[in-house]
Every structure is written in structure tokens, then in C-alpha cells.
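Right, one structure below, let's go through it.
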Amino acid sequence: MVQPGTHELGLFRSEGTRKQPRDARGRFVRVHYSPARLKILETTRQMRADMGLPPSPWLEPFGKDK
């Protein structure tokens with residue numbers, strides 16, 4: 001059940017999630033990032049930089065930013 005006020009954030013989905021495709025060794029072969037997820041990662045990277053924390057590779061889905 002979707003709680004009031006949460007649909008604007010996209011926290012809950014009415015449809016099921018799609019599985020990410022994997023190769024025979026279990027590694028992801030194609031990962032889809034929604035625009036909202038990319039914005040969250042960008043904001044998180046900026047917040048870490050503002051606090052003086054080192055960059056995290058977990059927050060760079062496409063590798064090192066140029």
C-alpha cells in the first residue's frame with residue numbers, strides 16, 4: 001500500500017521491479033539507472049565533497065567522472 005505523500009518521491013512502485021540481466025558468472029551485463037537515481041547519486045557525491053569526505057566509487061555508476 002502506498003502511503004500518502006510518498007508517491008512524489010518515487011519511493012514505491014505499483015508495478016513489479018525488473019531484474020537486471022546477468023551473464024553466466026553472475027555479473028551484471030546491463031544496468032539501468034533511472035533519472036531520479038542518477039540525480040540522487042549526483043547529490044550524494046556533491047554532499048560528500050562539501051563535507052570534505054573522499055570520493056566513493058559506489059557513487060559513480062559509470063566510472064570516474066571526467
Side-chain angles (χ1 to χ4, degrees):
M1 178 173 162
V2 176
Q3 298 177 359
T6 58
H7 62 278
E8 302 91 25
L9 301 175
L11 298 177
F12 298 96
R13 297 182 185 189
S14 58
E15 70 276 356
T17 59
R18 293 184 341 204
K19 301 293 183 196
Q20 299 288 355
R22 294 177 183 246
D23 65 5
R25 292 171 49 184
R27 297 177 299 181
F28 292 116
V29 292
R30 185 182 72 234
V31 179
H32 172 73
Y33 292 98
S34 68
R37 180 66 177 159
L38 293 174
K39 179 65 176 166
I40 290 169
L41 292 174
E42 177 185 339
T43 303
T44 308
R45 285 192 303 267
Q46 185 60 45
M47 289 173 67
R48 286 182 65 88
D50 292 346
M51 291 188 289
L53 296 171
S56 171
W58 295 101
L59 301 175
E60 297 176 0
F62 303 114
K64 188 77 171 163
D65 288 342
K66 294 184 170 59

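Just so it is clear, the values below take in all heavy atoms, side chains as well, and ignore hydrogens, waters and symmetry mates.
- For the atom pair CG (Leu59) and CD1 (Ile40), the distance works out to 11.5 Å, reported to the nearest 0.5 Å.
- Rounding to the nearest 0.5 Å gives a distance of 10.5 Å between CE of Met51 and CD of Gln46.
- If you take CZ on Arg45 and CG on Asp50, they are separated by 13.0 Å, rounding to the nearest 0.5 Å.
- The number of heavy-atom neighbours closer than 6.0 Å to CZ of Arg48, taken from other residues, nucleotides and ligands shown, is above 12.
- Considering all non-hydrogen atoms of both residues, Leu38 and Tyr33 come closest at CD2-CB, 3.7 Å.
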